[in-house]
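Take a look at the structure below.
Both counts, for ligands and for their atoms, begin at 1 and track the order of listing.
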Amino acid sequence: MKEKTAETVWKNCLRVIQDNVSPQNFATWFEPIKAIKIQDNVLNIQVPSQFFYEWLEEHYITIIKKVILKESQLNPNYCFDNFVEGDCNRLARSAGYAVSQKPGGTAFNPLLLYGGVGLGKTHLAQAIGIDIKKNFPNKTVLYVQSEKFIAQFIDSIKNNNQNDFVHFYQMIDTLIIDDIQYLAGKEKTQDVFFHIFNHLHQLGKQIILTADRAPVEMQGIEQRLLSRFKWGLSADLQTPGLETRIAILEKKVYNEGIQLPKEVCEYLAYSITSNVRELEGALISLLAQSSLNKKTITLELAKQMIDKFVKSTAREVSIDYIQKVVCDYFDLNIDLMKSKTRKREVVQARQIAMYFAKCMTKSSLATIGMHCGGKDHATVLHACRTVNNLMDTDKRFKAYIEELDKKISINN
Ligand code: ADP
Ligand code: MG
């Protein structure tokens, strides 16, 4: 089984080599090579003799390394098609797309993608790499986690082949280093990266970096590196808004070929606001729950699951979710609630949403106002008073509120 895999990998390599050397050289130097095994991403090949080895090393090592690299570290699922665009990522996505069309040929070099955990940095960086490989099959694209880069560097010191390490990286056409913040405090690694960076940049090779924060906030990274990051473009990835969260879930569900009721999809998107990874996590737990317990996925099941899923993080209801429940209840379009309109029925629903947001979230009056038609804090305060007064005087109104309260409360 193992031999087979090594053989296939080597066969793929040969196909590329064949396009790059003369038929005679191919027959002489490459056909006799045997693939032995592949393990931990290392392909072992066997050559007929020491002389053969030295000759290959001298003449063909670059191309051999290059084609082996083509078996690269990119995850095909992390492509542009699967990356949902939203306000939260528009700049980063379009800069990334531009880079993928013209690596090294845009002003975005380096391209630094930064933002909090689970917001799509790795996905986007890989999507760029995948597209570059698609558009420019002869370019070598290397994606590497910075922890791995650091470990390889340390190994190279141990094995006394630091030059090989540097040369290896210097021959790459598109270098993607993920989570560059881990280089903080590692002066030697930063130093070697600095030289690799300069070399690649000078040759017009594309560099793509990701980090969990903006360059100005990075500590423990040398100034000369930080200043180089600013040569290109730093684009941030932000938390996705509600519509984007729904779109992301719908895309995942579609890709997985699963049936998920629309209300469940919306419920997840309304409830999980922190980042995309958690959103995906919730979806996966829900699917697992339903298949393990042989239950159909219903809103009820989703509510129970979410309740457990996020218990530890002391979740609070989101303003978005409150608005959604209130709008559904009064059969109103949510866009109206978020607009400035003063239509009577909208005004009252909006006041109710403000009231619940005040009672059930830790959001400030100003934030609540902003979410509800761009109103100021005084308007929210007035809304809360109005709702309280009406509850005291109008029994039917009070019943509405109590029913809504139940609907909004997650434990219900
Ligand atoms: P980060 O590297 O910023 O921590 P990832 O790139 O690993 O985040 O993203 C976490 C998960 O969320 C991945 O499974 C990724 O596919 C998904 N994801 C993030 N952003 C998007 C998006 N805009 N569209 C679709 N999926 C996304
Ligand atoms: Mg990542």
Could you pull out the closest heavy-atom pair between Leu111 and Gln206, with the gap in Å? N-NE2, 4.0 Å
Least distance between heavy atoms, Lys375 atom then Arg350 atom: CE-NH1, 3.7 Å
As an exercise, identify every atom of ligand 1 less than 4.0 angstrom from a heavy atom of [X].
| X | result |
| --- | --- |
| Val117 | 4 (O) |
| Asn89 | 23 (N) |
| Gly116 | 3 (O) |

Could you enumerate the protein N, O or S atoms under 2.8 Å from the Mg ion (ligand 2), written like residue then atom name? Thr122 OG1
Per-residue contact class, [X] against ligand 1 - non-hydrogen pairs under 4.0 Å:
| X | answer |
| --- | --- |
| Lys252 | side chain |
| Asn82 | backbone |
| Ile248 | side chain |
| Glu85 | neither |

Looking at non-hydrogen atoms alone, which of Gln126, Arg277, Glu280, Lys251 comes nearest to atom 10 (C) of ligand 1? Arg277
Counting heavy atoms only, which of Gly120, Ala247, Gly86 is nearest atom 20 (N) of ligand 1? Gly120
Counting non-hydrogen protein atoms only, what is the nearest one to [atom]? Give residue, atom name and distance.
| atom | value |
| --- | --- |
| atom 18 (N) of ligand 1 | Val276 CG1, 3.2 Å |
| atom 2 (O) of ligand 1 | Thr122 OG1, 2.8 Å |
| atom 23 (N) of ligand 1 | Val84 O, 2.9 Å |
| atom 4 (O) of ligand 1 | Gly118 N, 2.7 Å |
| atom 15 (C) of ligand 1 | His123 ND1, 3.4 Å |

Ring geometry between Phe197 and His201 (parallel below 30°, tilted from 30 to 60°, perpendicular above 60°): parallel
Stepwise salt bridge (charged side-chain N to carboxylate O under 4.0 Å, His left out) test for Lys324 and Asp320: CA-CA 6 Å; Lys324 147 103 175 134; Asp320 280 336; over 6 Å; no
State, without any angle test, whether Glu217 and Tyr114 hold a side-chain donor-acceptor pair at a distance under 3.5 Å. no
In sequence, state the C-alpha distance, the side-chain angles, and the governing distance for Tyr321 and Tyr267, and then conclude on ring-ring contact (aromatic ring centres under 6.0 Å, His included). CA-CA 8 Å; Tyr321 183 65; Tyr267 179 78; 5.4 Å; yes
